[in-house]
Each structure stands twice: as C-alpha cells, then as structure tokens.
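Notes follow once the structure below has been shown.
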Amino acid sequence: MARYNVKETEARWQARWAEHGCFEVERDPGKPKYYVLEMFPYPSGRIHMGHVRNYTLGDVVARYKKAQGFNVLHPMGWDAFGLPAENAAIERGVHPAKWTHENIAAMRDQLKGMGLSYDWRREIATCDPSYYRHEQKMFLDFLKAGLAYRRESWVNWDPVENTVLANEQVIDGKGWRSGAPVEKRKLDQWFLKITHYAEDLLAALDGLERWPDKVRLMQHNWIGRSEGARVRFKLTGRDDDLEVFTTRHDTLFGASFCAISPNHPLAGELAEKDPALQAFIAECNRMSTSEADIESAEKLGYRIPVDAEHPFRPGSTLPVFVANFVLMEYGTGAIFGCPAHDQRDLDFARKYDLPVVPVVLPPDADPATFAVGSEAYVGPGTIYNSEFLDGRNVDDAKAEAAKRLETSDRGSSTTTWRLRDWGVSRQRYWGCPIPVIHCGTCGVVPVPEDQLPVTLPEDVDFDSPGNPLERHPTWRKTTCPTCGGDAQRETDTFDTFFESSWYFARFADATGSTAFAREAADYWLAVDQYIGGVEHAVLHLLYARFFTRALRDCGYLAIAEPFSGLVTQGMVCHETYRSPEGRWLYPNEVKKQADGQWVTLEGGAPVTLGRVEKMSKSKRNTVDPANIIDAYGADTARLFMLSDSPPERDLEWTESGVDGAWRYVNRVWRAITECPVALPPVGTPKPDALSPQAEQVVRACHKTILAVSDSIERFRFNSAVAQVRELTNLIFALEGTGPGEAWTLRYGFETTVRLLAPMTPHMCEELWQTLGHTAILAEEEWPEADRSLAEDETVTIAVQVNGKLRATVEMAKDSTKDAMIERALEQPNVIKLLDGRDPRKVIAVPNKIVNVVA
RNA sequence: GGCCCCGUGGCGGAACUGGCAGACGCACGCGACUUAAAAUCGCGAGCCUUCGGGCGUGGGGGUUCGAGUCCCCCCGGGGCCACCA
C-alpha cells in the first residue's frame, strides 16, 4: 500500500486552497463575522517554534469558526520596523529595507508551508509607506485633538549608541546592546496622552470577560490607580508652596521631613547657586534603576536651606531634603516623610537623625509604651498624638484630614496614576518618521496632510553611531509650511509599538487609500479572538487599547476595545544539553544511548542534561520548525503543538511527542486508506439495524462532536485531540462485518476527518477525497450532533458507603432516587458494611451517585 | 518588599458548576507478526497488600453525606510590579 506522501499532499492542498481562494473573505453584512488574529511577527528571517504554536492555535479557531458558518477574517502581516534591521545594516552593511524584505519573503514561504488559513491578499508590512503614511495622519489628528504633545522629559540615554532606550531595553541599568550604563537625560520628546484614558482603561478591564484574569490584573497594576491627597506645604522665606502627594494623610501629624526629587524644579533652581547640590543631583541621575542597585542603594538626602510649614500646625516646620529615592515621574515629585509608619521614611529618618513619632496605635497596644524601633508600623489602628484626628481609625482620619486640608486651602483628596504618558520618540532610522517640521520662526509645525507620507531616505550610512537621519546631507532640509522659510524635519521616528497599535484595523481594509474604510472597520472590528505571547500583556495590549480609544475620539472607529477575546499562549521549551567543557549543545548534536546516558553525536563524549527551558539561541535548545515540517509535515507539527499542553501553559517540545503525533497521523491515514471493508457510497442513509458495537460507535461519534466542539470553544485543544483519539480507538476496533457496521465505519471515518480538519487540515482533505467526496473539506460545514443520540440509555451509578466507593450499578437513565436507593441497598458490599443496621441517611444524586451513611 | 497564579502516576496532562481521580498520550513491560530487527497490532499497568482490603491529587487543619475542586495555616515552584509616597 502506498505510504502517505506528506510533502506532496501538503503542497498540493496548499495550492488548491489558494487556487480556490478558500480563505479570501469580503465584508458581508448578511453573515455573522468572526475575526481571528495572531500577533504578527517581527520578520527576523526564520519562523521559530513559538510562531508555529501561535499560528496553529489561531488556525484551529479560524477553520473551526469558518466551518461553523462564520465569515472569518484571518489575516497576517509583518511588524517590520525595528532595531535588528539596523543592526544588520551596521554589522553587515545590508540596507534595513532589503534585509527586512528578504526576511519577509523567507518567512512568508515558511508560513505558507504550515497550511495556515490566511487571506494573503490582506498582507501588510508596517515599513511600507503605504502603511505608515496613515499613522502619520493619525498622529496629526492626535495633535489636533490634544492627544499628542511635545515636552522635555527625562529619558534613558545610551551614551554609546547615542539614542534613547525604552525601559524594556534597559537591562540591569545597562543598554541591552552596548552594555554601557544608561544615563538619565532631559530631552524634547513626543508623547501620546494615554493618561487621558487612565480611568477608562482601568474601568473597562472589567468588561473584558474573555481576557485572562492574569493579563487584566497586570494592566490593572500597571495603570496603578492610587487614592490619596495632595498637600501644599508653605515654604519658609519663599513665595511658592511645596506640593506633595500622599496616600497616608492620616499620618500627617507624624511627619518629620519633606523630600523632593533630584529632578524637581526646586532642586534645579537651588542647585544653580550650590555646586555641592549640583554634584549630588548629578550623582543621583547616574544611579541606575535596576533591581539589584535599588535593593542595595542607600537612601541619600541633601538638606536644602528651605523649611516646610506643617499644614495643621502653623509655625511648626519640617526640614526639606533632596532625596535620591523620590521620583519626579510619580505624584508631584515630592513627599512628606512619616518615619513611624513607612519603612523607607524610617530608614531615612534613622540615617539623618530625624524624629520618629508614632501616630497610629496598633490594636491592643499601650499608647504609653508603644514605640517604633527598626520596623515601621504599617497596619491598622487608632490615630493618636494627632490633635483633632485622635481616636479615629485610619480611613476616618484620612477623610477628616482631607476635609481640613480643603477648608484651609492646603490641599485636597486626589487620585494619582502610575501610568505615564507614552513617549514615542526614538532616535533611530528604521521607524516611521514623525511628521513635523521645526521652524526657527514658527516653532514646531505639523507636516501638511497633502505632503504625507514623509518617507525615509534610502541613501543612509550606518558607519558612525547615532541616528543616520540626523547626519543626512539633505533629507532634513525643508521649508516651513507656515512661513515658507528654511526649516528642518524632525529626525526622530516613532516607537515601533506605534505600528502595532492599529494594524488589526488596517487588516479590515488593507489596500484602501485611507487607513481603513469606516464601514469595513465597523463590520470586522473588534477582533473576536486575539492570540499571542503573554510578554505583551502590558505594553502592546495597553497601547492598542489606548490607540483604539484615541482613534474613536478622532472619528476613525466606533469602538473602544480592540480585542474582545484574548488568549496568551505559553512558551515552547526544550531540554538543554552541555558538553564536558560546559558548552551548550543543540538537540541535534546529542543522542541518548540505550543505557540512558546522553552523549555527543560526534565523538560520543558524555553530555550533561540540563533543565527544560524556553527555547533560545543562547542555550542552543532550539529546534528549527523547518526541519520538523520537512521530516514529518505540517500536520504532525501542528498536531503535536495542540495535543500535549493546553495553550496558556508552557509546552515541552520532545522528540517522542512528535513521534507520537506522527504515528497517529499515519494510523488514521492507514485505517481509512487501507480499510478492508467496502464502504457504502457517500450519502447512504443510516440503516435501520445496527449491531450493538455499531450502535456504540455511532453514539460515540455524536458524543465526540459535542465534546470536541466544546473543547475548541474553550481553547482546550489538548482535550479535543484526546477526545478524537478516544473515538478513533473505538472506530478502528470495529470489524465492519456485522449489521450496519460498514455504514458505521463510513460515518465514523467521516466524523473523525471532519473533527480533525482544523488541526491536521492537509491529511483530512486527502482522506475526505479518499472517502469519495469531491468538495474541499475546508469549505464544508462542521458536523452536527444529535443530542438524543449522544446520550446513553443507561448510566453507571456510583454507590458509596460513608463516601467511599463500594459498588457501581447500571441503571436506566433518569431513574428515580427511590429506585437508585433501593438498588444501592441491595449491593452485597453495602449489606456487608451495614452489617444489619439501618443506614442513618442516604443521599441520591440522579444519574450520578448514591451515598449510604452508615 | 507588594500583588497574583500553580503543585494530580516515571513524564505531559484529563476530571465545566463539589459526585466513580488518573481520560488521552509519552515512556515502560508482556505477547502476536518476522529468520531477525524496525514498523505495526493486541494486552497490562497509581502505590502498598497477609489478596479480605488499605493508602492515595505538596503538608496540616476545617466545612460537607461526599473535597483534586470550597475555607484557614504552612511548604515548594513560577509570574508581574517595585525606592510608587
């Protein structure tokens, strides 16, 4: 018998799907839509196992929903701007555009080899001016709407690369590429006003019911709503006030100092005449913000010649410090310190010998003896030592303090957010140019819309560090759209998260001359099911939620939330191997001997087996999907990706697991192509008489259709695979000679093929033909289950005595409780255990269980 | 340090709302086919057992007729955030 020719079969079906435009969709208001989207990849050049997993998950959903009758939009594109392209230019002299487009071509071929159900006509690359011109327009609209602004701000500056780094590109206080300690610098930067939506972005999380709780929680924490109060301290000898933010205004009477950030305007002003303060500030800004450093960093303060008057005690003052632990970015950049009830304030007070006055008395503590030693008391209690606040609990005291601050005009309660506006300027070449012009006379002028897009120049050199746009001989030079005088283009480009914040909308109308036609967006959006890595839980997913709101407010869209359903898949992991010298080894460089010892393939040197870790180049524990697809085919790779772990959990890639998937693919293939029984023709009605075995198989088919549908809906693909395997175990055991068994075999085979089609589509198409069908399976409807046929006539009732299983009885479905109890009490084991006594109580749950309490 | 999640056979994992723990698979063992091996097919299997049964979902306690599932404490692993005022 001919072996299953995987390569030939898969290529043939991929070509057929393309020929027939199976996955090309148009807006159809008469049909319910379903939009499935996987996070688009950065075109690094080759797909990796994480991609295979991500896109397989999405493809199962897309194919399943299509079979269910939905008009399914399932697109793919390229997140094509970014640093690696510039690195390639620097290291190898390839132009970023060439490098990127070659990578896209290679990866597109690889994805096509996986048999994914994309509408390739909608493919986009974000580095294409036909894409980024629209976001330049969006930016101008944001500018008009007050959602974008320019401000001087403190940024992470890499002194070697001469560029700003995003927070996530700073690792342990050092630039991720240069390794140089990152400095804080004050630069003019463009910002998007994400904080304008802070309240809504937080509140709307509750409505994202099909998002993982974990992601919602992460965004919740990231947005970081904090209820507190602003308090204005009068400064001695000055006209201005010092405003601080606190969440503990109940402890104001325990205040013993105020502290401001080294970047606070007051610090800057005083430093002008104080070289020592200048040096102190410079020192603070050199300090990295990495975990280890913060952990060990000493709390340092610099006493400035200013005192702050206590808002509730006129005439009483507090010393003011510039302190290295106060962040300009949070609150007001200034705090008051209450050492008794804040650990950090306590550390600072002990170091600078400041008073520690407890004002919150823990329950059951004695006010005469309670004292704070080296540990601040942060628990609940009764306020004391606090004049008019005495005797209140913490919450009441906060309310009263806020009221008093308001009446005396010294402050008010307020809400502060951890979320900060999104700085989008990057001093890089390979990004979307920010469409503004700097004019000596008119200032910052937006590029007029009819001059868009502002495209990147192609003749750039990467021979020296920094932004090639800045050095370009002519590109910068332009004329001011307002006054017509000489002016210069902005040389910063957008953060690449800008492109990914709206690409899902572009797919709705990927070739249109506007960003997207409103009717297309209204029909297709929101994305019904979005799938990607959890590493984007905050950044990309939060930016996209913000962007959608901003686009709505600028008239582009009707919706606020871009993704109504979200699944975050786990990582693909693999064992790690090390040579005797401690070098990492690739899986294909080692083998396991019969005695269980791992050795190198060449030379047979002993190999140490390491932990199972995320596939990464540095640990060399990667398996190239191309090799797997070449050896086993896409169906096997897909099946393994789905069958071993639920999507959100990490998946361990194992050779034996892939073999298992491969064996199953072949088993199904052989069972159907080599079936010795002559099957009745397609469409033969169910015979009246079925053997008991056949009856059971038919019932199992109906049950499995229900179970698999439910599993797919709930993203339990591993269970779905298990359920189909269970069914095939039954079907393949059917002899096919008894009454109605040949028909049942056909029915079983067809059910199997249709249920497996979203997971192993190529093989299923082939078998669908083998079974005599001519239509393309990808166009067929999902099988329907008859619920009445899916239910057994009898059920197995568990009989317990005192909660322990002692017998099982077969009974007609829906037997009465009395009948169940009667049967249960007849069981020999039950009689024996009752030993002549009457049961004290008997609980019966219909169709499930009887529990006899002896 | 704060917040959150997860601990089930040798392994990956099933068990939706409390109701027969271990589906399905991997690895393993035995058998069939074969001169032999591979492939394939069939069977077995949580642990202990005096073969009656006993013990079992990280450990301890609780609620319940009944707990992998709910509550409290502890241990172990992981994630996110973090001088956040």
Side-chain angles (χ1 to χ4, degrees), chain A residues 3 212-222 224 226 228-229 231 244-249 251 258-259 261 287 289 291 293-295 297-300 323-327 329-338 342-345 347-348 378 416-418 420 534-535 537-538 612 640 643-646 648-652 654-661 663-664 666-667 670 707 710-711 714 716 718-729 732-733 796-808 832 839-854:
Chain A
R3 235 175 115 78
D213 288 343
K214 182 169 74 164
V215 175
R216 290 198 282 179
L217 184 72
M218 281 164 71
Q219 292 211 357
H220 183 100
N221 292 339
W222 184 268
S226 184
V231 184
V244 308
F245 174 74
T246 179
T247 56
R248 291 304 301 272
H249 30 307
T251 64
C258 283
S261 163
M287 270 198 354
T289 50
E291 184 183 342
D293 294 336
I294 287 165
E295 214 51 40
E298 218 180 340
K299 309 273 175 282
L300 293 176
N324 62 349
F325 59 86
V326 182
L327 305 172
E329 301 84 12
Y330 189 76
T332 61
I335 62 159
F336 84 81
C338 174
D342 182 282
Q343 191 57 46
R344 192 196 47 207
D345 294 349
D347 295 345
F348 190 80
V378 295
T416 289
W417 306 87
R418 213 193 70 108
R420 291 167 216 162
V534 75
E535 66 272 17
V538 171
V612 175
F640 176 67
S643 59
D644 234 40
S645 292
E648 64 280 5
R649 230 177 284 189
D650 286 351
L651 174 91
E652 190 193 343
T654 60
E655 212 31 55
S656 58
V658 181
D659 278 337
R663 277 203 299 272
Y664 183 66
N666 281 285
R667 191 167 163 233
R670 277 194 317 269
D710 185 58
S711 294
R714 293 194 299 135
R716 312 305 294 265
N718 55 328
S719 293
V721 172
Q723 285 147 357
V724 178
R725 292 183 92 130
E726 211 173 344
L727 176 67
T728 48
N729 285 345
F732 298 164
T796 309
I797 307 287
V799 177
Q800 298 182 336
V801 176
N802 292 335
K804 281 192 203 293
L805 184 73
R806 296 300 176 184
T808 55
K832 197 173 85 189
R840 279 197 288 154
K841 195 172 171 186
V842 185
I843 289 104
V845 180
N847 297 328
K848 289 237 162 103
I849 203 164
V850 177
N851 190 9
V852 179
V853 185

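Throughout, a chain's letter reflects where its sequence line sits, starting with A, and its residues are numbered from 1.
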Dump every N/O contact between nucleotides 21-23 of chain B and the protein below 3.5 Å, one line per pair.
{"unit_1": "rA23(B)", "atom_1": "O2'", "unit_2": "Glu726(A)", "atom_2": "OE1", "d": "3.2"}
{"unit_1": "rA23(B)", "atom_1": "O2'", "unit_2": "Glu726(A)", "atom_2": "OE2", "d": "3.1"}

Taking only N/O atoms, report every protein-nucleotides 50-56 of chain B pair under 3.5 Å with atom names and distance.
{"unit_1": "rG54(B)", "atom_1": "OP2", "unit_2": "Arg806(A)", "atom_2": "NH1", "d": "3.3"}

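The distance between atom CZ of Arg667(A) and atom C1' of rU40(B), rounded to the nearest whole Å, is 11 Å.
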Its dot-bracket string being built from Watson-Crick and G-U pairs below 3.5 Å, with | for another strand and [ ] for crossing, RNA chain B has the pattern (((((((..(((......[....))).(((((.......))))).(((....)))..(((((..]....))))))))))))....
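Considering only side-chain N and O atoms, Asn666(A) lies nowhere under 4.0 angstrom from the phosphate OP1 or OP2 of rA39(B). Contact annotation: Arg216(A) does not reach the phosphate of rC5(B) (side-chain N/O to OP1 or OP2, under 4.0 Å). Put simply, Arg344(A) has no side-chain N or O that comes within less than 4.0 Å of OP1 or OP2 on rA82(B). Between Arg649(A) and rC6(B), a side-chain N or O to OP1/OP2 separation shorter than 4.0 Å is absent. Within the 4.0 Å cut-off from OP1 or OP2 of rC84(B), not a single side-chain nitrogen or oxygen of Arg420(A) is found.
A cation-pi geometry, defined here as NZ or CZ lying under 6.0 Å from the six-membered ring centre and within 45° of its normal, does not hold between Arg418(A) and Tyr330(A).
Under the side-chain hydrogen bond (donor to acceptor under 3.5 Å, both in side chains) criterion, the residue pairs touching residues 839-854 of chain A are Asp814(A)-Asn847(A), with sequence neighbours excluded.
For rG29(B) and rG13(B), the C1' atoms lie 22 Å apart once the distance is rounded to whole Å. Rounded to the nearest Å, the gap between the P atom of rG19(B) and that of rU57(B) is 16 Å.
Contact annotation for Val326(A): base contact, defined as any heavy-atom pair under 4.0 Å involving a base atom. Val853(A) comes within 4.0 angstrom of the backbone, heavy atoms only, and of no base.
Applying the ring-ring contact (aromatic ring centres under 6.0 Å, His included) criterion to Phe348(A), with sequence neighbours excluded, gives Phe257(A), Phe321(A), Phe325(A), Tyr352(A). With sequence neighbours excluded, the residues forming a salt bridge (Lys or Arg N to Asp or Glu O under 4.0 Å) with Asp213(A) are Arg216(A), listed by chain and number.
No donor-acceptor contact under 3.5 Å links the side chain of Lys214(A) to the base of rC4(B).
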